Every structure is written in structure tokens, then in C-alpha cells.
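Here the structure comes first, spelled out in C-alpha cells, and everything after it is commentary.
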Amino acid sequence: MDLTLVFSLLFLSCLHGVSSDPRYFTSLFTLGDSYIDAGNFVIMAARMVPPVAVWHDKPPYGMTFFGHPTGRLSDGRIITDFIAEQFGLPLLQASLLNISDVSKGVDFAVGGATAIDVDFYERNKLVQFKLLNNSLSVQLGWLEELKPSICKAKKVCRGCFSKALFFVGEFGVNDYNFVWSAGKTEDEVMSHVPKVVENIARAVERLINGGAIHVLVPGNPPNGCSPTILTLRSSLNQTGNYDHIGCLSDINRVAMHHNSMLNASIGALRGKYPHARIIFADFYEPIITLLKSPNQSGVVNPDALRACCGGGGEYNWNASAVCGMPGATACNDPSTFVSWDGVHYTEATYRYIAQGWLHGPFADPPILSEMGH
């Protein structure tokens with residue numbers, strides 16, 4: 001059994017009739033990074049002077065569902081696509097495409113986006129290159145600019161936003177990756193968690209004050225299981241830093257700490273805004289579940305930590321031949337892999353996560369359980 005079959009019967013039984021129910025969502029607006037980017041990074045990169053090189057606008061990206069690259073960092077659909085399909089909404093397009101009709105939603109997420117403004121990382125020399133200006137606060141600004149296109153007046157806007165589902169995240173992975181890459185210790189990376197979580201919570205609060213009722217906030221995935229990170233760290237003598245799955249414990253401890261703080265912050269916001277429905281979406285446990293029980297999901301056990309698309313090596317990730325570059329190839333069946341390109345996940349993995357957020361057990365509360373309120 002491959003990942004595409006996991007929960008398929010449950011998915012089909014719950015899909016019928018959902019989008020026609022007036023209690024359900026009429027639009028979807030997403031803020032985040034590359035896990036839910038529908039093409040904004042490709043557009044931003046092309047506008048840079050000189051243009052930033054990208055590879056996910058080339059095959060084999062998009063091979064599974066679309067048949068061509070779409071700017072999504074996967075072989076096919078991503079989490080937000082499955083959520084949109086569940087409610088009969090169109091698959092989101094990138095906000096930077098400047099499409100005329102955004103009444104049913106739009107995607108503001110950009111690959112590489114941070115919770116903390118990018119000038120912090122540049123000013124403190126935590127990065128040695130110019131970052132795209134795509135942080136959480138920037139994306140919130142884009143949403144504010146589009147409000148007149150979504151709603152005619154503030155009163156109307158609050159009404160239409162009350163039937164919208166907002167995604168705030170995932171955020172944090174890039175913030176922590178920049179600090180790790182600067183050679184900082186685990187304690188130093190941990191010290192950034194409160195500010196990252198604070199910025200996410202402020203964004204959620206800003207949306208609620210603007211009329212949002214339903215806000216989904218994903219935590220961080222176990223980045224210590226990423227084929228890219230595992231490859232980059234493989235040259236270091238870190239034998240005692242691997243867990244029983246083969247993931248890097250220090251990186252995953254930061255993710256778990258982030259998730260714990262974020263969950264607590266969401267709890268505080270629920271108390272402050274009892275009319276709002278704030279969902280904590282667990283991005284960590286579904287990945288760990290797939291990696292721990294690969295035979296149940298169709299993944300061949302020795303390949304659980306390998307990327308489907310890459311340029312070779314122990315984890316099939318090679319900096320000189322990343323997915324989309326000459327020399328990189330894709331596996332025959334992405335549905336039997338958890339990781340697509342060493343950083344992002346396969347469509348099958350995203351489907352599994354989306355079902356866990358819709359129905360449980362990977363969301364508190366599950367999205368569909370909120371629909372009766």
C-alpha cells in the first residue's frame with residue numbers, strides 16, 4: 001500500500017456535500033513559506049537584479065498531478081491544494097500573479113519566508129547573501145493591499161472573512177535554518193524561538209482583529225530528518241546526535257520546542273478571542289509517523305530518509321545536482337517516498353498530512369470538527 005491510498009476511503013466519504021454547506025469555508029487565504037508556496041518565489045526571483053536562479057520551475061516538479069511545473073515545490077499538489085479541494089474551492093494561485101478574482105482565495109506564501117523580518121538576519125550577518133523581502137509581515141501587507149479587491153467595505157470584509165480559512169505558516173523553519181547555517185549552537189538557535197513564536201501569534205491576532213474567525217497555524221516539521229540537512233551534517237562527527245530513526249536530534253529538539261511554545265501561545269489567543277476558531281496543525285508527528293512505520297505507508301524501509309528527486313548520495317541529495325538541475329533524476333514512483341527533493345515532501349505525503357489536519361489526529365481541533373460551531 002502506498003501513501004496515496006492512506007485514508008482514501010475516509011477522504012472520499014467526507015468529501016461529498018461539504019462545499020455546498022453554508023457553514024463551510026467560501027475562501028482560503030494562505031501565508032507561509034515553500035511548503036505551501038504556489039509560485040510566488042519563482043515570480044520574486046525573476047524580478048531580482050540579477051535574477052535569482054531557481055530550479056523548481058523545471059521538470060520533474062509537478063510531474064504527478066499537473067504534468068508540468070507550477071511553482072509548487074513538490075511532484076504534485078501540496079497541503080493547501082487538498083484543503084481547497086475538500087471545500088470545493090479552486091486550487092490557489094500565487095498572489096504575485098495579480099489575478100483579477102481573489103474572492104475565493106489566494107496564496108501569499110513564498111519559499112524562504114521567515115517569521116522575523118529579513119533585515120534582522122542581514123544586519124546580524126547570519127546570512128552571507130541578499131534575502132528576498134518575503135517575511136510574514138510583508139505577506140500580511142500584501143493581504144492588506146488586496147482587501148479592497150476581496151471586500152467593498154470594512155463591514156462587508158469582516159463578513160466575508162468570517163467564512164474564510166486562513167493559514168499562518170508554517171513559519172520558523174527558515175529562521176532556524178539561517179541561524180544553524182551561521183554555525184550557531186543549539187542553545188543559540190533555541191534563543192530565537194520566543195521571537196519567532198511571538199511574531200506568528202501577532203500575525204494571528206492581526207487577522208482576527210481584521211475579521212478572521214478560522215485560522216490554522218501549523219507547527220514545524222522534523223527538519224532533522226531532512227535529506228538535505230542530513231547530507232550537509234554528514235561530514236561532522238555527530239554519531240551520538242542521531243535518534244533511532246536516523247534523524248538529527250538537536251535540530252528536531254528545536255522544532256519540538258517551537259511547537260510546544262506555539263501551541264501554548266495559541267491556547268492564550270483562544271482565551272483572548274473566544275469567538276475565533278484557532279487550529280494548531282501538527283506538522284511534526286505525521287512525518288515522524290511515516291518515517292517510523294515505512295512499511296505501512298509503502299516506503300521501502302532503507303529509503304525512508306532518502307529524497308525521491310536528487311543527484312545521488314546516501315540521502316539522494318547533492319548540492320551540485322539538486323532536483324530540477326541537470327544530473328538530478330526523479331524516482332519512478334514518488335508516492336513511495338516521504339521526501340520529494342530533500343527539503344519538501346511528495347504529494348502523497350502532503351495528502352496524508354492534509355487528511356490528518358482535516359479529520360485528525362494531527363490537528364487540535366481537526367478542521368472538519370469545527371464546522372459544527
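The structure displayed is predicted, hence computed values, not measured ones.
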field: side chain to side chain donor-acceptor pair (under 3.5 Å) against Ser191, all qualifying residues, sequence neighbours excluded
entry: none
field: side chain to side chain donor-acceptor pair (under 3.5 Å) involving His344 - partner list, sequence neighbours excluded
entry: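 Result, side chain to side chain donor-acceptor pair (under 3.5 Å) vs His344: Ser34, Asp341.
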So, [X] side chain and [Y] main chain: donor-acceptor pair closer than 3.5 Å or not?
X	Y	result
Asn174	Thr114	no
Ser181	Phe178	no
Asn199	Ala115	yes
Ser226	Gly342	yes
Thr346	Phe337	yes
Glu170	Asn220	no

Linking I/L/V/M/F/W/Y whenever any side-chain heavy atoms sit under 4.5 Å apart, do [X] and [Y] land together?
X	Y	value
Ile229	Val127	yes
Leu89	Tyr350	yes
Leu31	Leu73	no
Leu262	Phe362	yes
Ile99	Leu91	no

Once rounded to the nearest 0.5 Å, what's the spacing between atom [atom1] of [X] and atom [atom2] of [Y]?
X	Y	atom1	atom2	answer
Tyr284	Cys225	OH	SG	6.0 Å
Ile78	Ile36	CD1	CD1	7.0 Å
Ile200	Phe171	CD1	CZ	7.5 Å
Phe167	Tyr35	CZ	OH	15.0 Å
His192	Leu126	NE2	CG	6.0 Å
Leu230	Leu248	CG	CG	5.0 Å

Of all pairs that satisfy salt bridge (Lys or Arg N to Asp or Glu O under 4.0 Å), the ones with a partner from residues 100-123, not counting sequence neighbours: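 Listed once each, the pairs are Asp119-Arg123, Glu122-Lys130.
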task: Indicate yes or no: does Asp81 engage Arg72 in a salt bridge with an N to O separation below 4.0 Å.
output: yes
Could you pull out all residues at least two apart from [X] that satisfy salt bridge (charged side-chain N to carboxylate O under 4.0 Å, His left out)?
X	answer
Glu186	Arg253
Asp33	none
Asp243	none

Please identify each residue that fulfils side-chain contact (heavy atoms from CB on, under 4.5 Å) with [X], with sequence neighbours left out.
X	value
Ser260	none
Pro69	Pro59, Tyr61
Ser95	Asn40, Val106, Phe108, Trp142

Lys184 atom NZ, neighbour heavy-atom count above 12 within 6.0 Å: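 No.
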Within the structure provided, determine whether [X] and [Y] are in side-chain contact (heavy-atom separation under 4.5 Å).
X	Y	answer
His56	Val42	yes
Glu85	Arg351	no
Leu368	Tyr24	yes
Tyr345	Phe283	yes
Cys247	Pro222	no
Trp180	Arg233	yes
Thr30	Ile83	no
Thr231	Glu314	no

- prompt: Is it true that Cys331 and Cys308 have SG atoms closer together than 2.5 Å?
  reply: yes
message: My understanding is that a hydrophobic cluster links ILVMFWY residues whose side chain heavy atoms are under 4.5 Å apart, including indirect links. Using that, what else belongs to the cluster containing Trp317?
response: Trp55, Leu232, Val322, Met325
Test log, rule side-chain contact (heavy atoms from CB on, under 4.5 Å), inputs Leu146 and Phe29: CA-CA 11 Å; Leu146 269 184; Phe29 299 94; over 6 Å; no
message: Walk me through whether Leu140 and Leu207 qualify under side-chain contact (heavy atoms from CB on, under 4.5 Å).
response: CA-CA 9 Å; Leu140 283 168; Leu207 289 172; 4.1 Å; yes
Looking at every non-hydrogen atom in both residues, tell me the closest pair between [X] and [Y] and how far apart they are.
X	Y	value
Pro90	Ala84	O-CB, 3.7 Å
Phe120	Ile116	CB-CG2, 3.7 Å
Gly39	Ala94	C-CB, 3.8 Å
Gly105	Ser27	N-CB, 4.0 Å
Asn252	Asn223	OD1-N, 3.4 Å
Leu216	Ala281	CD2-CB, 3.7 Å

query: Does a donor on one side chain and an acceptor on the other come within less than 3.5 Å for Asn134 and Gln139?
result: no
message: With side-chain hydrogen bond (donor to acceptor under 3.5 Å, both in side chains) as the rule and sequence neighbours excluded, what pairs involving residues 261-272 come up?
response: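 Qualifying pairs, neighbours excluded: Glu205-Lys272.
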query: Passes side-chain contact (heavy atoms from CB on, under 4.5 Å), Trp357 versus Gln355? Steps please.
result: CA-CA 5 Å; Trp357 291 2; Gln355 294 310 302; over 6 Å; no
task: Given side-chain contact (heavy atoms from CB on, under 4.5 Å), test Asp175 with Lys195 step by step and report yes or no.
output: CA-CA 10 Å; Asp175 297 83; Lys195 183 62 176 177; over 6 Å; no
- request: Sorted by first residue and then second, give each disulfide (SG to SG under 2.5 Å) pair with at least one member in residues 48-144; sequence neighbours left out.
  value: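 Checked against disulfide (SG to SG under 2.5 Å) - neighbours excluded - no pair reaches residues 48-144.
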